[in-house]
Amino acid sequence: MSASLATKPVAALDPEEAALELERLAFEIAEHDRRYYQEDAPTVSDAEYDALRQRNLEIEARFPELAREDSPSHRVGAAPSATFSEVVHAVPMLSLDNAFSDEDVGDFVGRVRRFLKLSDGEPVAFTAEPKIDGLSLSLRYENRRLVTAATRGDGTTGENVTANARTIADIPKSLPPGAPEIVEVRGEVYMSHADFAALNTRMEAEEGRVFANPRNAAAGSLRQLDAAVTASRPLKFFAYAWGQMSEVPGETQMAVVEAFRDWGFATNPLMRLCAGAEEMIAVYREIEAQRATLGYDIDGVVYKVDDLGLQRRLGFVSRSPRWAIAHKFPAEQATTIVRDIDIQVGRTGALTPVAKLEPVTVGGVVVSNATLHNEDYVAGIGADGAPIREGKDIRVGDTVTVQRAGDVIPQIVDVDLSRRPANAAPFESRTTCPVCGSHAVREVNEKTGRKDAVRRCTGGLVCPAQAVERLKHFVSRNALDIEGLGSKQIEAFFTDGLIRRPADIFTLAEQDRTSLKKLKDREGWGAKSVQNLFAAIEERRDVALNRFVFGLGIRHVGETTAKVLARHYGTMEDLRAGALAARDRDGEAYAELIDIDGIGETVADALIEFFAEAHNEEELDRLLAEVRPASMAALEASGSPVAGKTVVFTGSLERMTRDEAKAMAERFGAKVAGSVSKKTDLVVAGPGAGSKLKKAEEFGVEVIDEDAWFELVGEG
Ligand code: IVH
């Protein structure tokens, strides 16, 4: 996938690009669904997720003939996880379309009216109620007894969590005599803020881990295989919808929800009836104003056509009803004070200002830092030169609005100038590095003639901050990946002078042998852990060339570029010779470099610059005396059973993280792909594997589990 295609406006896509985009979106959305629904660990914000779905819909609207069978618009959520038995919903559990502005709400009402062909004077009523941020649950009662509780799953099939649901006080185990024979009540399981905080305090003490937010806590608590655990978790439930009903107890949405309340369900007290868009938006504002004091998370307001006869006429469009919409709140915000502005020095010398905040809870997460990107950003100038925050700068002492959208890094989106202390001074960008004191400059970009937004320390090798960051990068997971040598250890070893540059890592054992102050006597270390560390270091003397190149930390050479270079040049010697010769921009070597697919002028310049520095050459020589970066070809011939094979990991892995799995496969000479195709040789599937597993079976690709994988590569 090319980054530019993913951001290309839908209107500008040609059919071929549209098909590629639809394929990418199908895979990506399925992956996010899986993380959200099965792992309770989303990696994108709701807004980003909504944007992906929206793009998918727009492309399908423009190219209906390209809509895929596995399109996310046909389905809701992820396939159920394998650990609970399955429940096929008698009536599918659908999702809601989203509205993000008052205008969208007006459009929704207009669409409903047009669809029903209502004339101007004819009224249509809507209910408005909070959109609870939890997880939906369907409760089936037969002859007034609770028989099944099921999660939404993929909308068609959910997980059977009956035993767990029975432990929730808000869920009646039986219905009163007047209730119909078959009743499916649907609603949201959630956790209150107070209960969430208390649970996390307990979890922290007992298990040393906590839930990120009340939604994850609710999901994690409901989806426990042991119902006794669920019983110990303070879950709540609001009823707001239904599935199969032998008899519907009312003719309007409101009347049915009132019947639910009479039967003993908790229903939301903020539900209101509205005559049109204006009233709906007024209720939205009212609910939004109460959001912080409700005591539980809500992420918007849901509007539904009140008359059930009209609901029936309106029906559904693929995954959502035409008669309802969710009006989402903007990203979560909170107000706090900037206590200080720190400067962090990165691997390439970039100085990044970071706001140190008076800790504040934003949507259930405590925030005490916010990135300020660069000094222009602090001054109120955006990346494109246009003003941000209406041009308001950020000062120590300022009262600011912090925004956190999903899991992304918090941002300062506004400054309250009326509360700025009289003595608050503008942030002064420093012209020296806070760590090494070298000049810190904003280079002028030769091509644009504009000053770079980033200020950089010119200290290079003498700057300890840069050196430490470079070392951390060198040993990081996608580079040398040395077990037991993480950021913390690197910092400690650097401070004590044990590791000053990458090559020192490989002489550490030798140094230790002759030293009086042994590593094993350090705090946090022992004979065994030192032995393990030395073994891990030894193991990395044979490293894949692409990892080694990435580890060098050459500017603009990320993981992908490193792979491209490694594949093209084959050996470190050839890559170095190529980059050195490329100094002559009119020569053949430069032409060869720039000709490589995926290498542009920026990377070429960065490579030339890197190898032109004598100190980099020296360090490289020192390193090459210790490690043997192996070409891909060499690895493929190394006799590993997976060498040269294309492997896909799917489902949840239990013995390693995704990054580790990828690193391991590559160490054994395999290529790791993100999706299953006919070219895939092997799929390693963990619990919860869904569409990729199905695809593998379709294509007849070999599938093994995680244990078999360890067995196969000889690490079982
Ligand atoms: S009505 C057919 N009402 O939001 C539509 N859903 O994005 C049935 N949700 O799957 C849903 N509060 O999990 C409805 N008051 C509310 C809701 C609500 C939260 C959730 C629910 C649904 C999702 C849709």
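A quick note: this is a predicted structure, and the numbers were derived from the prediction, not measured. Residue numbers count from 1 along this sequence. First listed ligand is number 1; within each ligand, the first listed atom is number 1.
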Q: Please state which part of P130 comes within less than 4.0 Å of ligand 1, counting heavy atoms only: side chain, backbone, both or neither.
A: backbone
Q) Does ligand 1 have a heavy atom under 4.0 Å from the side chain of K304, from its backbone, from both, or from neither? A) side chain
Q) Applying a 4.0 Å heavy-atom criterion (strictly less than), which segment of E188 is in contact with ligand 1: side chain, backbone, both, or neither? A) side chain
Q: For the pair F108 and Y303, name the ring-plane relationship: parallel under 30°, tilted 30 to 60°, perpendicular over 60°.
A: parallel
**Q.** Option with minimal heavy-atom separation from atom 18 (C) of ligand 1, where the choices are F316, Y303, Y240, W242
**A.** Y240
Q.
Can you classify the ring geometry of F265 versus Y141 as parallel (below 30°), tilted (30 to 60°) or perpendicular (above 60°)?
A. perpendicular
(Q) Using the rule given for salt bridge (Lys or Arg N to Asp or Glu O under 4.0 Å), can you reason through R24 versus E21, listing the C-alpha separation, both sets of side-chain angles and the distance that settles it, and then say yes or no? (A) CA-CA 5 Å; R24 171 184 76 89; E21 269 298 86; 2.8 Å; yes
**Q.** Approximate separation, where rounding is to 0.5 Å, of E86 CD and T156 OG1
**A.** 10.5 Å
Q.
Name the residue from Q244, E247, R144 that meets the side chain to side chain contact (heavy atoms under 4.5 Å, CB included) definition with I182.
A. Q244
Q. Relative to atom 15 (N) of ligand 1, which among R186, M93, K328, E129 owns the nearest non-hydrogen atom?
A. E129
Q) Is the closest basic N to carboxylate O distance between K304 and E129 below 4.0 Å? A) yes
Q: Could you list the atoms of ligand 1 found under 4.0 angstrom from a heavy atom of L94?
A: 10 (O)
Q) Using heavy atoms and a threshold below 4.0 Å, how should the contact between L96 and ligand 1 be classified: side chain, backbone, both, or neither? A) both
**Q.** P321 N/O to ligand 1 N/O under 3.5 Å
**A.** no
Q: Measure the acute angle between the ring planes of F238 and Y190, then classify it against the limits of 30° and 60° as parallel, tilted or perpendicular.
A: parallel
Q: Using a strict 4.0 Å cut-off to heavy atoms of S95, name the atoms of ligand 1 that fall inside it.
A: 7 (O), 24 (C)
